[in-house]
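Worksheet for the structure shown next.
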Amino acid sequence: MKPSEQELLIGIYRDAFPAAVQLIRRMGGSAEEAKDAFHDALLIYLERNATGSLQVRTSVKAYLIGITRILWLHSRNETVTLLPEEVESFVEEEREEEEEEKRLLDYLVLAGKKCMDILKAFYYDRLTLPEIAERFGFNSIRSATVQKHKCMEKIRNEVKKRNVYEERT
């Protein structure tokens with residue numbers, strides 16, 4: 001697998017797996033059951049994608065979560081009935097989440113690359129403030145904390161500006 005394909009697969013996994021676990025838990029399953037079903041769904045996706053027989057009409061994330069749900073229900077010998085309204089509702093929720101994520105990314109971009117890197121390290125990579133101070137060359141943990149808060153404040157101000165603008169239009 002090429003590095004870019006591997007990175008793409010890791011990105012898909014990071015994006016879709018937590019939502020799949022959440023769905024299976026809501027339906028009464030365990031994290032382990034969700035993991036098994038998700039891995040099977042990922043294999044189905046990769047096999048169909050490799051053969052060219054896959055036509056995803058929604059996002060890859062929605063496709064994987066849907067397949068995970070079906071596989072989990074089959075593993076419990078439950079019949080799978082997807083009403084058109086349920087499918088459309090699920091797809092609509094996924095679209096709204098994707099739009100929200102895009103808006104958030106826009107705010108992060110407006111805050112600047114350094115802020116985006118610091119916030120990514122803290123929230124996504126889950127680095128501690130001492131680790132962030134070391135990685136970004138801050139003199140102290142306090143400096144890292146202050147910089148993180150300044151970045152958050154930049155984003156809050158931008159959100160306020162945009163909300164005021166959107167309310168007037």
Side-chain angles (χ1 to χ4, degrees), residues 1-27 29-46 49-50 54 56 58-69 72 90-167:
M1 189 178 289
K2 298 177 193 171
S4 61
E5 289 174 343
Q6 187 175 8
E7 290 170 4
L8 181 63
L9 183 59
I10 290 169
I12 290 170
Y13 195 94
R14 282 184 178 161
D15 188 38
F17 181 66
V21 171
Q22 185 179 21
L23 172 71
I24 298 303
R25 281 189 168 162
R26 266 196 329 250
M27 295 171 58
S30 69
E32 192 61 35
E33 290 173 317
K35 181 179 173 185
D36 291 343
F38 182 80
H39 287 171
D40 290 345
L42 193 57
L43 287 173
I44 290 169
Y45 167 76
L46 292 172
N49 196 33
L54 180 65
V56 177
T58 63
S59 67
V60 173
K61 178 180 175 180
Y63 176 83
L64 285 170
I65 292 169
I67 295 297
T68 300
R69 177 180 182 262
W72 182 78
F90 183 73
V91 169
E92 186 59 34
E93 287 175 19
E94 286 298 312
R95 279 192 197 121
E96 288 172 6
E97 277 186 30
E98 287 174 6
E99 288 173 15
E100 192 173 306
E101 288 171 6
K102 184 184 179 316
R103 281 193 304 271
L104 177 60
L105 185 59
D106 289 343
Y107 291 130
L108 289 171
V109 168
L110 288 171
K113 181 166 176 25
K114 187 166 185 172
C115 278
M116 189 164 35
D117 291 342
I118 290 169
L119 294 173
K120 178 187 172 288
F122 186 77
Y123 291 105
Y124 186 75
D125 299 334
R126 300 198 186 278
L127 296 182
T128 63
L129 287 167
E131 292 169 327
I132 290 172
E134 184 179 327
R135 177 184 282 185
F136 292 95
F138 295 116
N139 293 331
S140 67
I141 297 168
R142 176 82 178 131
S143 297
T145 304
V146 168
Q147 188 60 47
K148 179 186 144 294
H149 286 291
K150 284 183 179 180
C151 291
M152 290 300 296
E153 194 59 34
K154 278 184 184 179
I155 293 170
R156 281 188 199 101
N157 289 337
E158 196 59 43
V159 168
K160 287 177 187 175
K161 278 189 217 172
R162 286 199 181 182
N163 284 342
V164 169
Y165 176 76
E166 288 171 4
E167 288 174 2

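Just so you know, these numbers use all the heavy atoms, side chains as well, and skip hydrogens, waters and symmetry mates. All figures in this text were calculated on a predicted structure; none of them were measured in a lab.
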Practice problem: Under the side chain to side chain contact (heavy atoms under 4.5 Å, CB included) rule, what do I132 and I141 come out as? Steps first, then yes or no, please. | Solution: CA-CA 8 Å; I132 290 172; I141 297 168; over 6 Å; no
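For E131, the side-chain hydrogen bond (donor to acceptor under 3.5 Å, both in side chains) partners at least two apart in sequence or on another chain are T128. The side-chain hydrogen bond (donor to acceptor under 3.5 Å, both in side chains) test applied to T145 returns no partner, not counting sequence neighbours. Listed by chain and number, the residues in a salt bridge (charged side-chain N to carboxylate O under 4.0 Å, His left out) with R142 amount to none (sequence neighbours excluded). Partners of R14 by side-chain hydrogen bond (donor to acceptor under 3.5 Å, both in side chains), not counting sequence neighbours, listed by chain and number: Y124. For the side chain to side chain contact (heavy atoms under 4.5 Å, CB included) test, no residue two or more places apart in sequence or in another chain qualifies with E134. Listed by chain and number, the residues in a side-chain hydrogen bond (donor to acceptor under 3.5 Å, both in side chains) with D15 amount to none (sequence neighbours excluded).
From C151, atom SG reaches atom CD1 of I118 across 4.5 Å, with rounding to the nearest 0.5 Å. Here the CG atom belonging to L129 is positioned 10.0 Å from the CZ atom belonging to F138, to the nearest 0.5 angstrom. Going from atom CG of L110 over to atom CE of M116 covers 10.0 Å, rounded to the nearest 0.5 Å. Rounding to the nearest 0.5 Å gives a distance of 6.5 Å between OG1 of T68 and CD1 of I24. Residue L46 holds its CG atom at 7.5 Å from CD1 of I12, rounded to the nearest 0.5 Å. Rounding to the nearest 0.5 Å gives a distance of 12.5 Å between CZ of R126 and NZ of K120.
Applying the salt bridge (charged side-chain N to carboxylate O under 4.0 Å, His left out) test to pairs two or more places apart or on separate chains, those with a residue in residues 108-119 are K113-D117. Residue pairs meeting the side chain to side chain donor-acceptor pair (under 3.5 Å) criterion with at least one member in residues 146-155, sequence neighbours excluded, are E153-R156.
S140 and A133 get closest at one heavy-atom pair: O-CB, 3.7 Å. For the pair Y45 and L64, the tightest heavy-atom approach, listed with the atom from each and the gap, is CB-CD2, 3.7 Å.
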Solution key, residues 31-42 side-chain donor-acceptor pairs under 3.5 Å, sequence neighbours excluded:
from	atom 1	to	atom 2	distance (Å)
E33	OE1	S30	N	2.7
E33	OE1	S30	OG	3.4
H39	NE2	Y13	OH	2.8

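Between R135 and D125, some side-chain heavy-atom pair lies under the 4.5 Å cut-off.
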